[in-house]
**Q** 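The structure follows.
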Amino acid sequence: MKAHDGMYIGGEWRAAAGTDAIEVVDPANEQIIAHVPAGTAEDVDAAVRAARAALPGWAATPPAGRAARVAALRDVLVARKGEIAATVTAELGAPLPFSQAVHAGVPILVAGSYAELAASYAFEEKVGNSTVYAEPVGVVGAITPWNYPLHQIVAKVAPALAAGCTIVLKPAEDTPLTAQLFAEAVHEAGIPAGVFNLVTGLGPVAGQALAEHDGVDLVSFTGSTAVGKQIGATAGAAVKRVALELGGKSANVILPSADLAKAVGVGVANVMGNSGQTCSAWTRMLVHSSQYDEAVALAAEAAAKYGDRIGPLVNAKQHARVRGYIEQGVAEGARLVAGGPEAPREQGYFVSPTVFADVTPEMTIAQEEIFGPVVSLIRYEDEDDALRIANGTVYGLAGAVWAGDDAEAVAFARRMDTGQVDINGGRFNPLAPFGGYKQSGVGRELGSHGLAEYLQTKSLQF
Ligand code: NAP
Ligand code: MG
């Protein structure tokens, strides 16, 4: 795979300050496919300076001008869709059709939505005798994970650009090639030099240097809750704005009046997509005791149908971690009805689609984010019991409710401590705010709520 041997800073590819490199591995065959430079605090500093220098000009560009550049960026993502999908498949391992539809497709929708929002958003508002201006927060330090490599980048960079902010991105070490492609797209779209900057590198080195840098006004982080807590603490000490998109352990609540086969089938598919590496995946399936055995049989059958059509996990560490969780589930008394901890292939970081029955709410596999293709079926006795189980984790990112009619499902969803709920299989909406209750995070991404994260207000009184 083609890789840049440098950082994208101030509108050009510059040599890194140090000589360390990151190996990029194809998780489907464990082969090294490229090297990218491992950035240091020095690279981060150069990038933040470039972003700061570009800030006054970009912040003063009228919204229509910013909208035109974001629209141009969207157009480049469309033109290079095939290349993006192939790159995500190479470094993340997702099957190519999924990379085309989701990994390349969704960022196009999101970038398009921000081209429109930049043009239509009310950046100026009259409140009584005041005029309130929504001004850019400033320089954004964006730190992104590997699970949806381009989506996570675009969900931060597109609204930041629309708001008039400038950006330094530190992408995940596992998926830097997608980030380099994105930097090329920014360049091709004619976004002015220094408005977007890329520093590849390791989290505890480049990521931490970015989160701690005095020249960064807002840190926007997506990843694990453990690192998110650290970033929140660092930002708090510096009175810096912070947005955190963290883990999840979402409940898929199937009420007795629901279409059981559909709810189970869609529920299993929701987890298996991206090999279970989705923060909002419905990894806990809650089923009424009267329908439990039937749901278990349906889920086992749905998982078996996936067979080896799912991609590998991203790296050896996640592979070991997820298989460890499956072993722990067995050790704690849950019953395997599909898949298991054995690696299904000699090569590549594959895990079989796995379904556990007889999972109780306090088990480790029902409490901790597994980030692999593992669904746990939990039995409930009545609606209050289901609600207690659904709300009984530290997370609150997403969820689903299925019922005979939408009103019944909505009534239940309104009692859930979670940021997003899909009602009877509701579709993904790129304009709906996405983000967590409880330890799933702080702040929202996507749509106008996502844009507001990158704005601060100034009131003038007359
Ligand atoms: P992670 O370590 O939190 O990584 C997220 C991003 O933060 C990466 O760019 C990472 O760099 C960087 N980072 C790591 N340590 C840092 C530090 N001390 N200071 C600043 N930045 C730092 O997550 P992960 O290791 O990739 O995945 C582990 C777990 O996180 C998963 O099992 C899953 O539970 C969760 N996760 C959640 C999401 C989500 O969307 N909510 C996405 C991915 C993962 P490196 O790439 O170099 O580590
Ligand atoms: Mg990590």
Side-chain angles (χ1 to χ4, degrees), residues 20-25 27 36-41 44 91-92 106 141-153 155-156 168-179 198-213 216 219-235 242-250 274-281 283 313-325 349 351 365 367-374 393-398 419-420 434-436 438-446:
D20 287 355
I22 294 173
E23 288 177 347
V24 187
V25 173
V36 300
T40 60
V44 167
E91 64 182 357
L92 178 68
V106 172
I143 301 174
T144 55
W146 43 263
N147 64 335
Y148 287 86
L150 187 59
H151 170 69
Q152 308 283 19
I153 291 171
K156 298 187 189 308
V168 176
L169 168 69
K170 202 303 280 178
E173 66 188 85
D174 291 300
T175 54
L177 302 179
T178 304
L198 170 69
V199 176
T200 51
L202 303 180
V205 182
Q208 195 167 328
L210 183 58
E212 287 175 352
H213 200 292
V216 169
V219 183
S220 180
F221 170 83
T222 300
S224 63
T225 298
V227 176
K229 284 178 178 172
Q230 228 175 296
I231 286 180
T234 304
V242 67
L244 304 170
E245 292 290 342
L246 308 177
K249 190 71 191 172
S250 300
N274 217 35
S275 309
Q277 303 168 117
T278 304
C279 45
S280 56
T283 51
L313 300 186
V314 69
N315 59 35
K317 196 174 142 199
Q318 286 298 109
H319 192 230
R321 221 180 112 125
V322 170
R323 292 170 66 199
Y325 271 122
Y349 306 125
V351 171
I365 56 168
Q367 287 292 325
E368 296 186 14
E369 184 173 42
I370 298 180
F371 239 57
V374 183
T393 76
V394 296
Y395 295 115
L397 188 56
Q420 278 229 349
F434 181 89
K438 302 193 285 185
Q439 286 188 30
S440 286
V442 174
R444 293 291 179 269
E445 292 195 314
L446 306 181

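Remember, it's 1-based here, ligands and their atoms both numbered in the order they're listed.
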**Q** Given T200 and K170, is the side chain to side chain donor-acceptor pair (under 3.5 Å) satisfied, shown in steps?
**A** CA-CA 6 Å; T200 51; K170 202 303 280 178; over 6 Å; no
**Q** Any nitrogen or oxygen of W146, main chain or side chain, under 3.5 Å from a nitrogen or oxygen of ligand 1?
**A** yes
**Q** Going by the side-chain hydrogen bond (donor to acceptor under 3.5 Å, both in side chains) test, name the single residue among T175, N147, T144 that passes it with Q152.
**A** N147
**Q** Can you name the atoms of ligand 1, numbered from 1 with element, that are less than 4.0 Å from a heavy atom of I231?
**A** 20 (C)
**Q** Find all atoms of ligand 1 within a distance of less than 4.0 Å from any non-hydrogen atom belonging to G207, and give their numbers and elements.
**A** 19 (N), 20 (C), 21 (N)
**Q** Give the atoms of ligand 1, by number and element, whose distance to some non-hydrogen atom of A172 is under 4.0 Å.
**A**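 What qualifies from ligand 1 is 9 (O), 46 (O).
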**Q** Indicate yes or no for a side-chain donor-acceptor contact from E212 to the backbone of A209 under 3.5 Å, with no hydrogens or angles considered.
**A**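 Looks like no, no N/O pair under 3.5 Å.
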**Q** Output the list of atoms in ligand 1 that are nearer than 4.0 Å to some heavy atom of Q152, sorted by atom number.
**A**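 That gives atoms 40 (O) of ligand 1.
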**Q** Going by distance only, is there an N or O of L246 that falls short of 3.5 Å from an N or O of ligand 1?
**A**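 The answer is yes, given that L246 and ligand 1 share an N or O pair closer than 3.5 Å.
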**Q** Near T144, which atoms of ligand 1 are under 4.0 Å from a heavy atom of that residue?
**A** 6 (C), 8 (C), 9 (O)
**Q** Within a distance under 4.0 Å of any heavy atom of L202, pick out the atoms of ligand 1 and give their elements.
**A**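 Once the distances to L202 are compared, the set is 47 (O).
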**Q** A side-chain contact here means heavy atoms from C-beta on lying under 4.5 Å apart; do I231 and V242 qualify?
**A**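 SC-SC contact between I231 and V242 confirmed.
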**Q** For T278, check side-chain hydrogen bond (donor to acceptor under 3.5 Å, both in side chains) against everything at least two apart and list the hits.
**A**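 Only Y148 meet the side-chain hydrogen bond (donor to acceptor under 3.5 Å, both in side chains) criterion with T278.
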**Q** T222 and K156: side-chain donor and acceptor closer than 3.5 Å?
**A**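 Side chains of T222 and K156: pair found under 3.5 Å.
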**Q** Considering the heavy atoms of C279, write down every atom of ligand 1 situated less than 4.0 Å from one of them.
**A** 39 (C), 40 (O), 41 (N)
**Q** Search all heavy atoms of P27 against all heavy atoms of E91 and return the closest pair with its distance.
**A**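 Heavy-atom minimum between the residues: CD-O, 3.5 Å.
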**Q** Under 3.5 Å between any N/O of G203 and any N/O of ligand 1: does that happen in this structure?
**A** yes
**Q** Looking only at non-hydrogen atoms, which of Q277, H151, E368, E173 approaches atom 48 (O) of ligand 1 most closely?
**A** E173
**Q** Closer than 4.0 angstrom: is that true for some heavy atom of R321 and an atom of ligand 1?
**A**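 It does; at least one heavy atom falls under 4.0 Å.
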**Q** Between S224, A206, A209, flag the one that comes closest to atom 3 (O) of ligand 1 by a heavy atom.
**A** S224
**Q** Answer with side chain, backbone, both or neither: which part of P171 has a heavy atom less than 4.0 angstrom from an atom of ligand 1?
**A**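 Backbone only; the side chain of P171 stays clear of ligand 1.
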**Q** Under the rule for side-chain hydrogen bond (donor to acceptor under 3.5 Å, both in side chains), what residues qualify as partners of H319, not counting sequence neighbours?
**A**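 For H319, no residue satisfies side-chain hydrogen bond (donor to acceptor under 3.5 Å, both in side chains) once neighbours in sequence are set aside.
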**Q** Contact between I365 and V374 at the side-chain level, heavy atoms closer than 4.5 Å - yes or no?
**A** no
**Q** What do the steps show when you test E368 against Y325 for side chain to side chain donor-acceptor pair (under 3.5 Å), and what is the final call?
**A** CA-CA 9 Å; E368 296 186 14; Y325 271 122; 2.6 Å; yes
**Q** Quick check: do Q318 and F371 have side-chain heavy atoms less than 4.5 Å from each other?
**A**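 SC-SC contact between Q318 and F371 confirmed.
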**Q** Run the numbers for me: atoms of ligand 1, each under 4.0 Å from some heavy atom of T222, listed by number.
**A** 5 (C), 39 (C), 40 (O)
**Q** I'd like to check whether K170 has a polar contact with ligand 1, where a contact means an N/O of the residue lying under 3.5 Å from an N/O of the ligand.
**A**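 Such a contact does occur with ligand 1.
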**Q** Does Y148 have a heavy atom less than 4.0 Å from any atom of ligand 1?
**A** no
